[in-house]
Protein chains: 4
Amino acid sequence: MEPARKEEKRSRILAAAVRLFAGDGFYRTRIGDIAKTANVATGTVYTYFESKEKILDAIFEDSMEQFLALGKEDMAGAETALERLQRIVELHLTNLGRDRELATVFQIELRHSARFMDVYSRSRQLREYFNRVAAILEQGKEEGTVRRDLDVWFATKALFGILDEAATNWVLSDRNYRLTSDAGRIIDFALKGLSAG
Amino acid sequence: MEPARKEEKRSRILAAAVRLFAGDGFYRTRIGDIAKTANVATGTVYTYFESKEKILDAIFEDSMEQFLALGKEDMAGAETALERLQRIVELHLTNLGRDRELATVFQIELRHSARFMDVYSRSRQLREYFNRVAAILEQGKEEGTVRRDLDVWFATKALFGILDEAATNWVLSDRNYRLTSDAGRIIDFALKGLSAG
Amino acid sequence: MEPARKEEKRSRILAAAVRLFAGDGFYRTRIGDIAKTANVATGTVYTYFESKEKILDAIFEDSMEQFLALGKEDMAGAETALERLQRIVELHLTNLGRDRELATVFQIELRHSARFMDVYSRSRQLREYFNRVAAILEQGKEEGTVRRDLDVWFATKALFGILDEAATNWVLSDRNYRLTSDAGRIIDFALKGLSAG
Amino acid sequence: MEPARKEEKRSRILAAAVRLFAGDGFYRTRIGDIAKTANVATGTVYTYFESKEKILDAIFEDSMEQFLALGKEDMAGAETALERLQRIVELHLTNLGRDRELATVFQIELRHSARFMDVYSRSRQLREYFNRVAAILEQGKEEGTVRRDLDVWFATKALFGILDEAATNWVLSDRNYRLTSDAGRIIDFALKGLSAG
DNA sequence: GATGAATGAGACTTCATTCAT
DNA sequence: CATGAATGAAGTCTCATTCAT
């Protein structure tokens with residue numbers, strides 16, 4: 001089979017998995033159902049993925065890779081740290097907000113167990129993402145737009161926590177709003193904090 | 001059997017479940033193992049809990065209840081919004097930081113699936129917690145220590161996101177630090193934000 | 001506890017068992033439910049009966065005993081074989097038709113497995129019953145009202161088969177009719193058969 | 001897998017189930033034992049049957065279908081109602097008498113509970129059987145060989161009751177006789193009844 | 001490479017029975 | 001005698017994975 005068709009089949013399996021994981025959860029989704037949804041035979045899934053867990057891994061990796069690539073493009077015109085921060089926040093939200101099912105997998109299904117969490121939190125891609133945010137904050141310090149005494153690594157995690165909470169809330173929400181609509185408030189909070197001073 | 005002994009057995013089962021859920025994950029933990037760890041027979045677990053999921057529910061509810069009760073006591077001496085905020089942040093971290101296994105269950109195992117997440121995120125206790133934080137921020141607005149234009153509900157969630165991320169990082173971390181040591185940075189970040197201005 | 005109260009408790013358990021066996025079937029009925037229905041504790045059931053199966057046995061035996069006793073009384077005025085036959089058929093139907101739940105247990109639940117069937121079919125009481133019917137038929141032969149060439153034992157079983165089928169049909173029927181209303185047709189069929197000659 | 005091999009495997013499972021249900025009873029037979037006896041893995045049973053109860057259903061349906069088909073063939077040469085009656089009685093007994101284990105399942109295991117009984121007694125196949133017998137009796141009325149005042153439907157059930165009782169007795173009997181040997185007595189009884197007149 | 005029937009280990013839950021109180 | 005919490009063996013069904021075709 002030519003590579004293009006193979007790749008296409010792999011994608012179909014991955015797409016089916018996202019759909020089903022989001023709907024029924026990782027543990028309740030059966031490989032057979034993924035196969036059926038992807039219009040392949042059960043055994044075929046194993047031609048593309050070693051195990052059910054590896055499918056989850058692949059969803060994470062593929063999506064992160066794509067997200068990081070998008071990030072590179074998207075950052076092109078942004079110069080100042082604040083512009084860049086705004087961009088990266090918007091990208092984070094746009095990216096997750098584009099596909100609720102994928103977002104569900106990211107916000108919930110990828111966090112099944114300590115083992116999973118551990119693997120993902122140590123992943124090259126997530127570290128790369130954190131490094132980019134941290135770099136922006138460092139740049140801000142140099143520019144004088146970010147306060148000198150800020151613990152950059154801590155702030156990076158804090159920002160991630162806020163974005164993550166926003167995304168999870170969106171995924172679980174009954175209301176029908178766009179996730180990106182949170183961008184402004186997130187930036188505002190992150191920059192100025194709560195205090196009146 | 002006198003109530004005290006019954007209660008004690010229930011606690012033993014719950015404690016065993018926390019230990020095992022934290023170690024092996026919810027799905028990989030067998031009821032039989034919980035029973036063995038709690039020194040009761042398998043069937044006994046079902047005298048106290050309808051199902052494995054109900055055990056998870058009970059861990060959540062008991063711990064949240066205790067946390068909320070603690071919150072009430074602990075807030076006693078705190079008058080100003082900022083004092084109270086400080087207290088509640090410390091309480092959140094102290095409470096989770098006290099027991100790494102329980103924290104693991106809270107930060108990871110309780111987030112198994114959209115269904116679970118949904119149930120927990122809509123729980124009376126979590127809402128009560130959010131309401132308390134929101135009330136503090138409102139108080140701050142009245143005192144003039146919190147800026148007027150702040151979206152209180154959003155800020156509550158953002159703060160929770162930061163605390164949650166800190167807790168999850170602590171749970172997954174190899175380093176041996178006290179979770180409460182993050183309190184200062186969290187307060188600092190939450191109050192002042194990133195920006196230099 | 002005085003004997004009367006003991007006996008009464010035993011009866012309550014038996015009555016509860018009949019009700020539940022008829023409704024849910026023997027295997028699906030739990031001892032605990034029988035106890036609850038009888039207003040005693042689970043363990044108490046075991047003071048009166050060795051096991052769940054023994055409860056079934058007791059239902060069979062008690063009811064058969066009562067039926068046979070009734071038979072003796074009831075037969076009093078009947079002299080001729082045909083009168084007696086008529087009486088015994090009516091008694092069979094009246095007795096089962098009186099209590100649909102007990103009838104359900106007799107027609108269905110007592111026939112659970114070859115082992116059960118075997119035990120009941122060899123029971124002293126059932127044999128006694130068959131003997132009485134056979135005796136009536138023998139009497140009929142002597143009187144000249146029953147044909148000489150009849151295989152009495154076979155005819156006894158055949159008659160029982162007809163009664164049994166009628167009872168089972170009644171138990172399973174949706175229609176609301178009295179089981180005794182079959183008596184006439186049964187006697188008619190048994191006496192004259194199908195044939196026109 | 002070609003259909004023939006699939007069908008063969010299904011049959012093996014069914015045959016194993018008949019053997020074990022007859023020997024140990026439905027409730028005491030484990031799916032794992034059926035599988036072992038049929039030389040397949042436990043899970044394989046579930047490829048062919050949804051549940052243990054469905055296996056029992058399949059035994060009933062397959063056997064009844066075969067019985068009805070046999071009935072059609074066998075009736076070919078019989079013209080008069082009495083010939084046909086004779087044939088159908090013989091067929092009933094031959095069919096059950098051919099395989100004691102299958103007969104045990106039919107006479108005992110299929111009658112587990114009111115629910116089961118209900119389902120089977122309302123089955124298309126059993127009704128078809130009753131209809132055939134009833135049609136024969138009607139034919140007899142027209143021919144003048146069956147008495148005009150006979151309640152045909154009742155007589156059908158009565159005849160079935162006699163056959164059923166004979167079959168059950170055979171299944172439970174220690175003596176080693178052929179079930180068909182009851183045919184003559186059944187016909188005799190059914191035609192002429194008990195009475196001397 | 002693709003298929004999907006077969007595998008069989010595994011786990012939750014049930015419930016008859018026991019026994020300390 | 002009565003209680004009912006505790007026991008733990010048992011069994012159905014599931015499903016990730018394999019492999020012969």
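Quick caveat: nothing in here was measured; it's all calculated off a predicted structure. Here is how names work: the chains are called A, B, and so on, in the same order as the sequence lines, proteins then strands, and each is numbered from 1.
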inquiry  = Around atom CD of A/E50, are there more than 12 heavy atoms from other residues, nucleotides or ligands closer than 6.0 Å?
reply    = no
inquiry  = For the aromatic rings, using the six-membered ring if either is Trp, is the centroid distance between B/F60 and B/F106 under 6.0 Å?
reply    = yes
ask   = What about the rings of B/F26 and A/H112, do their centers lie closer together than 6.0 Å?
value = no
inquiry  = Distance check needed: F/dG11 C1' versus D/K36 NZ, whole Å only.
reply    = 13 Å
inquiry  = Rounding to an integer number of Å, can you tell me how far D/E8 CD sits from E/dA5 C1'?
reply    = 14 Å
message = What is the separation between atom NZ on D/K54 and atom P on F/dT12, rounded to the nearest whole Å?
response = 17 Å
request  = Flag the pair A/I108 / A/L172 as yes when at least one side-chain heavy-atom distance between them is below 4.5 Å, and no otherwise.
outcome  = yes
message = For A/L56 and A/Y120: C-alpha separation, side-chain torsions, deciding distance, then whether side chain to side chain contact (heavy atoms under 4.5 Å, CB included) applies.
response = CA-CA 11 Å; A/L56 206 49; A/Y120 298 131; 3.8 Å; yes
note = From CG of A/N39 across to P of E/dA2 the rounded distance in Å is 14 Å
inquiry  = Tell me the interatomic distance from D/E7, atom CD, to E/dA5, atom C1', rounded to whole angstroms.
reply    = 15 Å
key: Rounded distance in Å - CZ (B/F49) to C1' (F/dA6)   = 15 Å
message = Can you confirm whether A/S123 sits close enough to A/V119 that some side-chain heavy atom of one is under 4.5 Å from a side-chain heavy atom of the other?
response = no
message = I want to check one thing: is the phosphate of F/dA5, taken as OP1 and OP2, less than 4.0 Å away from some side-chain N or O of B/Y48?
response = no
task = Any chance you could encode DNA chain F as dot-bracket? Rule is Watson-Crick or G-U wobble with both distances under 3.5 Å; [ ] for pairs crossing earlier ones, | for another strand.
result = .||||||||||||||||||||
ask   = Across the strands shown, which category fits D/V40 at heavy-atom distances under 4.0 angstrom: base, sugar-phosphate, nothing?
value = sugar-phosphate
ask   = Roughly how many Å is it from CZ in B/R12 to C1' in F/dA5, rounded to a whole number?
value = 13 Å
ask   = Under 3.5 Å, is there a donor-acceptor pair linking the side chains of C/E65 and C/Q125?
value = yes
request  = Answer yes or no: is there a side-chain heavy-atom contact under 4.5 Å between D/L14 and D/S11?
outcome  = no
message = Measure CD1/D/I34 against C1'/E/dT7 and give the value in whole Å, please.
response = 17 Å
message = So, OP1 or OP2 of F/dC1: does either fall under 4.0 Å of a side-chain N or O from C/K9?
response = no
task = I would like to know whether A/R30 and A/I34 meet side chain to side chain contact (heavy atoms under 4.5 Å, CB included); could you show each step before the answer?
result = CA-CA 7 Å; A/R30 279 116 68 198; A/I34 296 176; over 6 Å; no
remark   = A correct 5'-to-3' footprint of nucleotides 13-21 of chain F, with B, S and - meaning base, sugar-phosphate only and no protein heavy atom under 4.0 Å, is BBSSBB---
